[in-house]
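As the structure lists them, so they are numbered: ligands from 1, and atoms in each ligand from 1. We number each residue from 1, following the sequence as shown.
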Amino acid sequence: MAPKLCTRCQTAKAALKRPKTQEQVCRECFFTAFEEEVHQTIVQNKLFKHGERVAIAASGGKDSTVLAHIMTTLNARHGYGLDLFLLSIDEGITGYRDDSLETVKRNEQQYGIPLTVVSYKQLYGWTMDEIVAQIGTKNNCTFCGVFRRQALDRGAVLCAANKIATGHNADDVAETVLLNILRGDVPRLGRCASIITGEDSPLPRVKPFKYAYEKEIVLYAYYKKLDYFSTECIYAPFAARGFAREFIKDLEAARPLAIIDVIRSAEDFTFGPLAPPAPAGTAQQPSQPSQP
Ligand code: SF4
């Protein structure tokens, strides 16, 4: 039987099925499509201005590693004119953050962009390990998330950044939408799908991967052989988000565009009839008929 050809170039052998669009594509066409979709997300949503200094929030994990790689690539390819640097937060979690920071240090060399590390110890006088020793292992992410957010802001201000780019992907955004629905948190539901937050503040945050599927980020990192750290934080168990994550994965298995649809539901909720155009790489699907 003749090998299946890539549906895009029609010449190379198809190497994978895109999780987002279900297209059978070769590796090169996958890289091109993925990069182009992130570029379109950046351009259509005016995420950056020429000359801005941008902190890439870097944890050493797959999302931020792919983000650093793509931002460096697109900045050079399309002449964004951005001054990029990696900004890492050291929460002081032995066996997790110390190892992942080693990955970020290698990324600094691999992508040729400088790295700044800001630690909880330096900012707050406590490491997460010391906090957990005092308060126990419950609700650690609640404390750590607040500290981390503030630490990123403080680190970015120290480095005179104009913006922070984070690796939040489509799955993360859809999970947050779902959690806010489950909590009945209407004000957050209206905000959580925004691609830019703090737009009027001196330090907005942007999500270039808002429409990028987690599975495609993993495939991109795998095929590009990117150097990332995949161990979970030892304090990670986060019941509500874990449940939402599983639910989103089930929806995706039944209908791959469900992730985008959940995001668009929150966008429509926020923007009403002025919702932004459909994200790059997704065709508008007809609505399912409603159940009687
Ligand atoms: Fe902090 Fe929770 Fe993230 Fe671990 S998983 S670094 S405790 S926010």
Student: Under 2.8 Å from atom 1 (Fe) of ligand 1, is there any N, O or S atom belonging to C141?
Tutor: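 So C141 does not bind atom 1 (Fe) of ligand 1 by this criterion.
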Student: Which of the numbered atoms in ligand 1 are under 4.0 angstrom from any heavy atom belonging to Y235?
Tutor: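 Within the 4.0 Å cut-off of Y235, ligand 1 contributes 7 (S).
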Student: Do any heavy atoms of R148 fall under 4.0 Å from ligand 1?
Tutor: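 Contact check R148 vs ligand 1: negative.
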Student: Should K163 and E52 count as an ion pair when the cut-off is N to O under 4.0 Å?
Tutor: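 Yes.
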Student: May I ask you to decide whether E214 forms a salt bridge with K249, counting only side-chain N to carboxylate O separations under 4.0 Å?
Tutor: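 Judged by the 4.0 Å cut-off on N to carboxylate O distance, E214 and K249 do form a salt bridge.
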Student: Report the residues that fulfil side-chain contact (heavy atoms from CB on, under 4.5 Å) with R106, sequence neighbours left out, ordered by chain and then residue number.
Tutor: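 Applying side-chain contact (heavy atoms from CB on, under 4.5 Å) to R106 gives E102, T103, Q110, D227.
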Student: Charged N to carboxylate O under 4.0 angstrom, D172 versus K207?
Tutor: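 No, this pair does not count.
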Student: Against heavy atoms of C144, which atoms of ligand 1 measure under 4.0 Å?
Tutor: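 Matching atoms, with element in brackets: 1 (Fe), 6 (S), 7 (S), 8 (S).
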Student: The criterion is salt bridge (Lys or Arg N to Asp or Glu O under 4.0 Å); which residues satisfy it with E91, sequence neighbours excluded?
Tutor: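 If we apply the salt bridge (Lys or Arg N to Asp or Glu O under 4.0 Å) test to E91, skipping adjacent residues, the hits are R97, R148.
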Student: Show which atoms of ligand 1 fall inside a sub-4.0 Å distance from at least one heavy-atom site of C233.
Tutor: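 The atoms of ligand 1 under 4.0 Å from a heavy atom of C233 are 4 (Fe), 5 (S), 6 (S), 7 (S).
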